[in-house]
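Since we're looking at a predicted model, the values are computed, not measured.
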Amino acid sequence: MIARIWMTFGLFLLGFFFVVFRLFYWQVVVADRLRIVAASQYFYELTIPASRGSIFASDGSPLVINQSAYLVYANPRLLTDPKRISRDLAPLLSLDPGQVLSLMQEPGRVWVPLAHKVESSVVDTIKALNLKGIGFEKEPRRYYVEASMAGQLLGFVGSDTNGNDKGYFGLEGYYDRELRGKDGVVQLEKDAKGAPILIGEAHRIEPQDGRSLLLWLDRAVQQIAQRRLDEGLRKYGAQAGSVVIMDPSTGGVLAMASIPNYDPGRFVQFDKDLYKNPIVAGSFEPGSTFKTLMMSSALNERKVTPTTTMDEAPVQIGDYTIRTWNDQYHGAITMSQVLEYSSNVGMVFVEKKIGKEKIIDYIRAFGFGQPTGIDLEDESSPAIRSENDWKDIDLATASFGQGIAVTPLQMVRAVGALANGGWLMEPHAVKEIREERGRIIRIAPKRVRQVIDASSASVITEMMIAAVDRGEAKWAKPAGYRIAGKTGTAQIPVAGHYDAQKTIASFVGFAPADNPKFVMLVTLREPTSSPWGSETAAPLFFTIARDLFTYYGIPPQ
Amino acid sequence: MKRIVQITLSCIPPLALVLLVVELIVSNELAGLGQRLAHIDIALTQARQERETLITQVASASSLFAIQAKADELGFRPPTKDQVISLGTDRLPVAFHSTPQ
């Protein structure tokens with residue numbers, strides 16, 4: 001009897017410990033997991049996506065904005081007739097019906113993305129079909145208002161390895177973090193039907209929308225540059241070309257056009273080689289346009305004046321003979337005439353006057369051999385030889401812009417210094433960064449250094465005006481305007497030697513010369529109508545300049 | 001004193017009943033408000049979407065691309081060299097005085 005009582009007691013005790021053990025398991029061991037499961041039943045969490053910032057031209061008109069778009073997905077378990085649905089959907093999503101069907105029939109999938117960033121109008125059409133098992137998730141996409149205009153300056157938005165939006169190249173790449181913003185989150189207690197409970201627990205972190213950018217770029221100037229470059233390429237039969245226009249007093253980029261280019265809104269349809277902006281990432285030998293910088297250096301060193309004379313004749317440097325571009329010689333010529341005739345032997349005279357050390361110093365001072373610091377992702381800079389690697393022939397050829405590689409942006413910025421009292425500016429595409437809440441961050445123009453003094457800058461300006469008025473391109477110049485400029489025709493290096501036929505024709509200048517509103521560089525690669533800058537790039541420059549004078553209301557001086 | 005306590009105690013049950021009814025009504029209202037809030041959220045999302053669509057349409061209509069296409073259609077052409085005439089510099093007088101001969 002006593003034994004049975006003890007046995008019963010023992011069983012009760014065992015049961016008691018079993019219950020305590022199970023309680024310990026549910027309330028301590030797996031408590032956290034159960035809390036999360038319970039929270040998912042009575043809490044709903046919603047990510048509030050941040051809007052990517054917009055990009056505006058200088059007049060406030062939008063260049064890049066966000067457009068409503070959706071991710072279209074399928075829930076294979078809810079699809080009633082996958083074959084019919086794939087046939088209905090495929091043409092709307094511009095996909096192959098077989099491809100859509102195979103996605104829908106993937107084994108073990110409960111959620112299948114069919115198409116990303118589908119336009120609202122297409123989504124409305126799909127919704128009208130009332131297809132069970134097809135859902136939509138908001139996925140805004142970028143809209144490039146002016147299509148391919150300034151495409152390489154703007155860059156594009158693609159996806160990173162996690163499928164999130166990321167900017168690449170140009171402004172979208174450089175300012176990706178500023179533009180992206182930060183997603184918010186909201187957590188609300190919900191009832192059995194899924195509606196929020198007002199007096200329940202709620203946590204909300206507001207999204208921080210991306211910042212917007214206001215550019216220096218003038219929409220009308222960009223359009224002029226783009227249109228005229230397109231016409232010029234066809235007229236002169238060139239392979240490629242570029243136009244870059246800057247405000248020399250601020251370093252603000254007013255326009256950047258290059259052809260071939262691409263539409264950032266449809267970047268996947270274009271060759272990847274087009275994504276890089278040739279104005280900041282491509283290099284070329286500047287040719288005779290470089291003479292303006294070397295001449296200004298000699299003026300600054302007080303080694304020459306505009307009236308200093310030299311005897312123009314072929315010059316022997318080691319095994320090489322330096323000749324003029326047309327092998328014509330004018331006897332005793334002034335420095336001013338060296339620029340008018342674009343005399344290579346005249347520039348060798350100037351180079352010897354400056355001296356090796358100073359030449360290299362001035363090349364670096366004008367910003368060559370290092371990036372300009374422009375706020376675009378793809379900038380690169382060709383290297384300059386180290387001081388010990390410069391031979392006499394290298395110095396001689398560099399004086400007339402051969403044997404040295406520069407980017408178009410470096411070239412236009414350096415000539416911009418001549419227009420700006422000798423001050424080299426840091427170029428910028430963005431003028432202001434604007435937050436959604438109204439705070440504005442202004443990016444002030446930045447003076448890098450004074451390369452030449454103001455009086456040397458005035459003198460070289462007058463010499464460049466004379467080079468335009470009396471040089472090879474005088475026939476194309478708009479009458480009545482004082483334009484400072486210089487033509488350039490550089491041979492293209494191919495496999496260690498210069499190609500006899502192929503050239504890069506260029507013209508660099510600023511106007512109006514007395515109070516420059518813009519500095520501009522035009523380059524044409526391999527023009528077939530004529531290899532010379534005076535017959536191709538120069539008239540194109542003057543055509544654009546004429547349009548700009550009309551646009552800015554600048555009368556003849 | 002005893003009477004006051006008795007009256008107070010006798011009021012408690014009906015008071016409790018009234019409070020219970022009020023609580024039921026308020027809870028019911030709150031539950032309904034939650035649904036109305038959900039509807040307002042949906043309406044807000046739709047309004048935001050419409051606003052985005054309209055911004056896109058305005059931007060598209062005012063793009064230089066669209067303006068140039070419309071200008072070409074209407075027969076506008078860029079000015080040629082001989083169509084732009086500058087009337088002179090600042091040194092020119094505002095008006096000329098002509099005396100009868």
Peer 1: Report which part of B:S62 has an atom under 4.5 Å of a heavy atom belonging to chain A: side chain, backbone, both, or neither.
Peer 2: backbone
Peer 1: So which of A:R227, A:Q222, A:M149 has the largest heavy-atom pair count under 4.5 angstrom toward chain B?
Peer 2: A:R227
Peer 1: Mind checking whether A:F541 and A:F518 have parallel, tilted or perpendicular rings, split at 30° and 60°?
Peer 2: tilted
Peer 1: Going by atom types only, do A:N66 and A:R142 share a side-chain donor-acceptor pair under 3.5 Å?
Peer 2: yes
Peer 1: I'd like to know if the side chain of A:Q223 pairs up with that of A:E146 as donor and acceptor (distance under 3.5 Å, no hydrogens or angles considered).
Peer 2: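 There is no such pair between these side chains.
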Peer 1: For A:S61, which atoms come within 4.5 Å of any heavy atom of chain B: side chain, backbone, both, or neither?
Peer 2: neither
Peer 1: Centre of A:Y552's six-membered ring, under 6.0 Å away, within 45 degrees of the axis: is that where NZ or CZ of A:K517 sits?
Peer 2: yes
Peer 1: Name the member of B:T53, B:T45, B:I55, B:L64 that forms the most heavy-atom pairs with chain A at distances under 4.5 Å.
Peer 2: B:L64
